[in-house]
Protein chains: 2
Amino acid sequence: MSSTAGRTSATPPTLADVAELAGVSRQTVSNAVNNPDLLREDTLARVQEAIDELGYSPNRAARNLRTRASHLIGMRMNPAQEGTANATMDRFVHSLVETSREAGYHVLLFGGDHDDPLAGYDDLLRSTAVDAFVVTDTYLGNPQASWLGARRAPFVAFGRPWDHPDATHPWVDVDGAAGTDLATTHLLDRGHERIAWIGWRKDSRIGEDRRSGWSRTLRSRGLATTGLASRVEDTVASGREASAVLLDEAQPSAFVCASDTLAMGVLHTLAERGLAPGRDVAVVGFDDSQVAQVVPPGLTSVRQPLEDVAAEIVKALEGLLGHPPYVGPGVLLEPTLAVRGSS
Amino acid sequence: MSSTAGRTSATPPTLADVAELAGVSRQTVSNAVNNPDLLREDTLARVQEAIDELGYSPNRAARNLRTRASHLIGMRMNPAQEGTANATMDRFVHSLVETSREAGYHVLLFGGDHDDPLAGYDDLLRSTAVDAFVVTDTYLGNPQASWLGARRAPFVAFGRPWDHPDATHPWVDVDGAAGTDLATTHLLDRGHERIAWIGWRKDSRIGEDRRSGWSRTLRSRGLATTGLASRVEDTVASGREASAVLLDEAQPSAFVCASDTLAMGVLHTLAERGLAPGRDVAVVGFDDSQVAQVVPPGLTSVRQPLEDVAAEIVKALEGLLGHPPYVGPGVLLEPTLAVRGSS
DNA sequence: TTGAAAGCGCTAACAG
DNA sequence: CTGTTAGCGCTTTCAA
């Protein structure tokens with residue numbers, strides 16, 4: 001009576017409240033929640049009834065303290081880039097939130113200093129605020145992976161360990177070369193033979209990966225790539241300039257780009273010259289961003305299966321946090337091609 | 001010696017470890033962390049040294065349990081909408097993560113069932129997993145606000161309490177009518193007189209708000225609005241159809257749209273008819289999405305000051321969670337206009 | 001200014 | 001199958 005009364009809405013009910021109401025010990029309530037099989041049917045029903053009546057939900061902090069687990073996975077969010085079409089990570093976050101919920105995890109976002117890629121990880125780790133991390137920007141040759149590895153911090157990478165092929169952490173990635181292969185083959189099937197490439201600077205491993213799909217596909221058909229490629233910054237302006245130069249100097253009839261941002265640059269050039277995308281010159285982008293989906297006449301684009309990536313990452317996470325921990329081999333997923341009016 | 005040795009990397013150091021190393025009591029270490037002013041300078045320095053040496057960070061779960069606060073704010077993420085230009089919420093999440101970090105909070109994302117807008121809130125609330133919520137979709141006339149209010153759950157809304165003008169919860173919103181006013185005035189200044197509106201269906205309060213900015217501005221100049229407005233679904237296809245009909249029946253020289261998605265529909269129609277956006281027909285969108293930023297020749301768009309929204313929301317959150325709690329009046333922020341080639 | 005004791009709500013380990 | 005005991009790491013009394 002004393003404990004139940006008066007707390008109508010002030011403090012949430014505790015295990016003890018449920019135990020008292022159900023006439024059992026606290027431990028039995030705990031078991032009812034975590035190991036229902038251990039209880040006799042009628043006891044379980046009685047406890048369950050008390051739980052429902054009180055609207056009891058185990059206190060997270062107490063459980064976390066006791067079990068040394070938070071059921072939170074941390075993910076660092078890079079500052080949004082204005083003026084680009086890069087929303088891949090936002091799309092991924094959506095998928096990750098959905099998938100991890102099904103596995104009983106929540107996603108904790110933390111901010112990113114562009115200069116210090118390690119900022120934020122350290123504190124969350126030492127304060128045991130998260131059980132594991134999902135690391136997304138493995139491409140900058142940045143030290144996150146090895147740093148986290150050295151601290152024995154559980155993490156799964158979205159992205160191959162390009163610089164450390166012998167890395168032992170779990171990772172999931174999308175085969176960029178397969179994507180541009182898809183794009184290039186699609187254009188070849190449409191009758192194009194002079195297919196240009198606009199990609200990122202050479203120090204980007206992802207960029208070189210994507211580029212390789214284009215070049216190997218052309219070469220496998222006996223077509224030349226010389227003079228048909230350009231490596232620039234990932235901006236609309238760069239894509240615009242590069243495509244203008246390529247059109248003048250190499251007369252391609254189609255472009256494959258390392259990103260939708262660059263592809264939009266190509267569309268700018270075409271618009272300026274009165275050329276119609278898809279009819280006069282074909283363009284294929286990469287990432288299937290919202291931009292690709294809504295720009296007239298639709299931008300054909302390589303689509304990463306982010307839902308699947310999230311699913312694989314959560315699967316890897318569950319292995320990593322299991323008893324005993326299990327680390328499977330890296331997973332490489334195949335992208336698809338979203339064909340639209342530009343090709 | 002016994003406690004320090006052997007735990008090199010296994011378990012993170014605790015308050016007790018620091019206390020032992022510094023030769024003080026655990027309470028003194030706690031004070032060093034939370035109330036440094038209470039310590040003598042030399043003691044503080046000694047403790048701080050021990051903290052640094054051990055790499056100590058207070059255990060979150062223990063602190064949460066004791067203080068009944070998680071320093072987490074929950075935000076529900078709606079499923080991403082493919083085929084639209086709506087990334088406002090993603091942009092907002094970025095800002096919120098940044099801003100709340102400065103205030104000592106982390107953002108916990110949880111998934112959204114489209115059918116049940118309450119899903120997820122209940123459990124996080126009862127398990128005291130988050131200190132407060134940020135609620136973003138107040139416009140559907142959905143029950144979140146009143147539901148949360150009834151449970152005395154602290155929350156701040158991004159969006160006015162349209163249906164409950166006497167609501168007592170803190171909110172922050174952007175003045176949509178002011179945005180379309182800005183857009184319409186901009187077009188009037190450019191010499192346009194027949195300015196059409198493409199907006200959402202009448203049951204959208206936000207849509208009606210944005211529409212009102214357009215209509216009141218035209219009327220204040222003595223210009224008619226009759227036959228110049230259309231209310232449709234928020235899709236590219238709807239925008240395309242609506243603009244085609246309006247062009248045929250009302251010959252507007254400019255369009256103001258309730259979203260970038262609809263504006264892209266207008267661009268589709270213009271492209272089909274060989275009309276150049278900006279030169280032949282002006283178009284203004286709403287949200288300043290990435291699409292607006294990169295599409296040729298650039299889509300003029302109303303931009304919501306999401307960074308400021310996030311800042312105001314965090315400020316309101318701090319008030320709400322303060323002792324005693326403080327609830328200020330609602331905050332209405334002014335949008336700006338990003339002028340580009342389409343106008 | 002510093003220290004000792006108590007307890008937040010939960011679960012692991014054992015005893016009955 | 002159920003209950004008792006102990007303690008996770010921290011902060012809030014209260015004493016010294």
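Below, chains carry the letters A, B, ... as their sequence lines are ordered, and counting in each starts from 1.
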So if I take every side-chain heavy atom of [X] and compare against [options], which nucleotide ends up nearest?
X: B:Arg40; options: C:dA12, C:dA4, C:dT2; answer: C:dT2
X: A:Thr14; options: D:dC10, C:dC10, D:dT11; answer: C:dC10
X: B:Ser25; options: C:dA12, C:dG3, D:dT11; answer: C:dG3
X: B:Leu65; options: D:dT11, C:dG9, D:dT2; answer: C:dG9
X: A:Gln27; options: D:dT4, D:dT11, D:dA6; answer: D:dT4
X: A:Arg66; options: C:dC10, D:dG3, C:dT2; answer: C:dC10

OP1, OP2 of [N] versus side-chain N and O of [X]: anything below 4.0 Å?
X: B:Asn59; N: D:dC8; value: no
X: B:Ser30; N: D:dC10; value: no
X: A:Thr67; N: C:dT11; value: no
X: A:Thr43; N: D:dT2; value: yes

For the pair made of [atom1] in [X] and [atom2] in [N], what is the distance, rounded to whole Å?
X: B:Asn31; N: D:dT12; atom1: CG; atom2: C1'; result: 10 Å
X: B:Arg26; N: D:dG9; atom1: CZ; atom2: C1'; result: 8 Å
X: A:Arg63; N: C:dT11; atom1: CZ; atom2: C1'; result: 9 Å
X: A:Leu39; N: D:dG3; atom1: CG; atom2: P; result: 10 Å
X: A:Leu38; N: D:dT2; atom1: CG; atom2: P; result: 9 Å
X: B:Glu20; N: D:dG9; atom1: CD; atom2: C1'; result: 15 Å
X: B:Asn34; N: C:dT2; atom1: CG; atom2: P; result: 15 Å
X: B:Leu15; N: C:dA4; atom1: CG; atom2: P; result: 14 Å

task = Between A:Pro58 and B:Val24, just flag the one whose closest nucleotide in DNA chain C comes earlier from the 5' side.
result = B:Val24

request  = In plain terms, say whether A:Arg26 and A:Asp17 are close enough for a salt bridge, that is, a side-chain N and a carboxylate O under 4.0 Å apart.
outcome  = no

ask   = Is the shortest side-chain N to carboxylate O distance from A:Arg126 to A:Asp122 below 4.0 Å?
value = yes

ask   = Where does the angle between the aromatic ring planes of B:Trp147 and B:Tyr121 fall among parallel (under 30°), tilted (30 to 60°) and perpendicular (over 60°)?
value = tilted

ask   = Quick one: does A:Met89's side chain get under 4.5 Å of A:Asn78's, heavy atoms only?
value = no

query = Distance-only, no hydrogens or angles: does the A:Asn59 side chain make a donor-acceptor pair with backbone N or O of A:Ala62 under 3.5 Å?
reply = yes

